[in-house]
2 protein chains.
Amino acid sequence: MQPSLVSIVAKRLRDEIEQRRFPLGTAFPTDAELAKGFGVSRTVVREAVSSLREAGLISTQRGRGSIVIAYTASPGFRISAEELESGKRLLHLYEFRSLIETEAAGLAAQRRTEADVQRIYDALQDGRSIGSFDKAIAADIDFHVAIAEAARNEYFQRIMATIRTATTARALMRFETDRESYVELYRTVLQKEHLDIADAIRDGHPSKARQLLKKHLGGRRYKALLKSALEQMDE
Amino acid sequence: MQPSLVSIVAKRLRDEIEQRRFPLGTAFPTDAELAKGFGVSRTVVREAVSSLREAGLISTQRGRGSIVIAYTASPGFRISAEELESGKRLLHLYEFRSLIETEAAGLAAQRRTEADVQRIYDALQDGRSIGSFDKAIAADIDFHVAIAEAARNEYFQRIMATIRTATTARALMRFETDRESYVELYRTVLQKEHLDIADAIRDGHPSKARQLLKKHLGGRRYKALLKSALEQMDE
DNA sequence: GTATGTCTAGTTATCATACAACATTGCGTG
DNA sequence: CACGCAATGTTGTATGATAACTAGACATAC
């Protein structure tokens with residue numbers, strides 16, 4: 001079974017765009033030109049162009065034509081749990097995460113509503129009855145989600161969700177044999193730190209919230225990760 | 001200017017797929033059914049389906065039909081140029097971007113090598129001979145890429161690339177009728193700011209690099225965006 | 001009863017033509 | 001010189017037709 005003309009044309013165009021045959025922002029060939037150049041019908045061209053548009057490579061306006069707006073499809077920002085097996089990468093991610101979550105806490109302290117505050121304390125309340133590993137993980141997630149929402153900037157929310165997904169997956173993989181210690185850590189250390197952060201957000205103290213969140217991520221857990229990463233030295 | 005029927009149909013279908021109206025692996029409606037259901041021609045349906053295919057949501061075979069192969073486009077953090085048509089979102093992204101790039105400049109000032117510095121100045125050198133819009137865009141990209149590399153944390157690099165791809169695409173769409181003013185802005189303002197930032201990084205002054213980068217993103221361009229976003233007030 | 005071949009109906013893929021809606025450019029007029 | 005209008009160009013959509021493939025039903029042969 002042969003590849004369709006649409007997929008052939010789309011791939012050819014994608015390659016040409018990637019090779020910068022059409023400088024960013026300049027006119028992309030018209031439907032008619034492409035149909036003539038590839039020796040296909042306008043239908044095939046339009047379907048191929050539709051997929052290029054979806055890939056974010058071109059932008060089209062009726063009556064004006066298309067322009068190239070990117071040379072390659074947006075890779076996006078993803079973090080796989082596998083890549084975090086590298087100690088160096090984990091350190092880099094924590095450095096990055098620390099910056100994001102610290103600022104999010106500051107914004108949350110500035111922008112929180114009463115409902116936001118309630119939600120943050122609800123997550124803490126849930127955390128008090130932690131009896132199992134998955135409950136501890138879920139409570140930790142809820143707490144950080146609540147802060148992200150209170151920050152009122154969807155890009156913080158989205159990047160924090162992406163980081164959290166990856167770090168949660170890694171924690172699930174890593175603590176398979178030692179969940180009790182995480183639960184204990186959660187009970188004895190993390191909850192207290194969460195409470196302090198929640199108070200600072202409730203009271204509207206951005207600087208203090210930032211400081212406490214940074215300390216939270218730079219505290220005991222970070223030190224343990226650093227130690228673990230140095231032991232690995234696998235990159 | 002109204003959205004095209006193709007984009008309306010594609011969005012509707014994307015939503016339905018995300019809401020699992022069609023279980024994974026089962027038959028997706030035929031061209032004819034969709035055309036009848038949406039009250040549009042088969043041409044529109046085929047173009048919409050072409051974009052769903054590109055997004056990785058469906059797979060199609062001649063003679064058999066389509067099946068749903070994923071409920072959502074792959075996860076992770078992405079920014080489409082379209083979403084940045086919303087002034088509120090753009091402000092949020094600039095707030096987010098400012099934090100990231102400011103910190104990256106600081107890290108670059110701490111961690112840069114001589115090769116990094118050379119690369120940053122090379123980007124500036126390229127910027128001196130700017131004669132066209134696409135060259136200005138490319139030089140701006142090169143400058144920020146060089147800083148991201150000097151920061152030596154791949155998560156900063158990756159998120160900055162993601163942001164840059166989206167903001168570049170948006171700039172290309174937005175400046176279609178006023179490219180000269182961007183080139184002029186680049187020549188008269190942005191290059192100077194780039195040079196100051198490069199000097200601070202070369203000299204190893206993280207605080208100063210942060211301050212200058214923040215000012216760079218908070219300066220004239222940001223003010224123009226803020227004004228433009230308020231004018232829109234579309235969300 | 002089972003295997004193979006043929007036919008029919010259905011589905012996607014492509015082509016061609018036509019018209020609508022928008023954008024740009026050029027020309028004529030005041 | 002500025003403005004308005006017509007002509008031209010481009011995308012968006014609809015319609016009809018044919019080609020290429022798939023699946024299932026039915027008939028035939030072993």
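The sequence lines fix the lettering, A, B, ..., with proteins before strands; numbering per chain opens at 1.
Rounded to a whole Å, the NZ atom of B/Lys36 is 16 Å from the C1' atom of C/dT11. The distance from atom CZ of B/Arg62 to atom P of D/dA23 is 14 Å, rounded to the nearest whole Å. Atom CD of A/Gln61 and atom P of C/dA21 are 17 Å apart (whole Å).
Neither OP1 nor OP2 of D/dT13 sits under 4.0 Å from any side-chain N or O of B/Ser41. Residue A/Arg46 places at least one side-chain N or O under 4.0 Å from the OP1 or OP2 atom of D/dG12. OP1 or OP2 of D/dA23 sits under 4.0 Å from a side-chain N or O of B/Arg64.
Side-chain atoms of A/Arg112 come within 3.5 Å of backbone atoms of A/Ile201 as a donor-acceptor pair (strictly under, hydrogens ignored).
At a cut-off of 3.5 Å, with distance as the only test, no side-chain donor of B/Asp199 or B/His205 sits close to an acceptor on the other residue.
Contacts of A/Thr43 with the nucleic acid, taken as non-hydrogen atoms under 4.0 Å apart, include base atoms.
Of all nucleotides listed (C/dT12, D/dA14, D/dG12), C/dT12 comes nearest to the side chain of B/Thr30. With distances taken from any side-chain atom of B/Asp31 to the nucleotides C/dT12, C/dA23, D/dA14, the minimum falls on C/dT12. Nearest nucleotide to the side chain of A/Arg42, out of C/dC15, C/dA18, D/dT22: C/dA18.
The 5' end of DNA chain C is approached more closely, in terms of each residue's nearest nucleotide, by B/Glu33 than by the other of A/Glu47 and B/Glu33.
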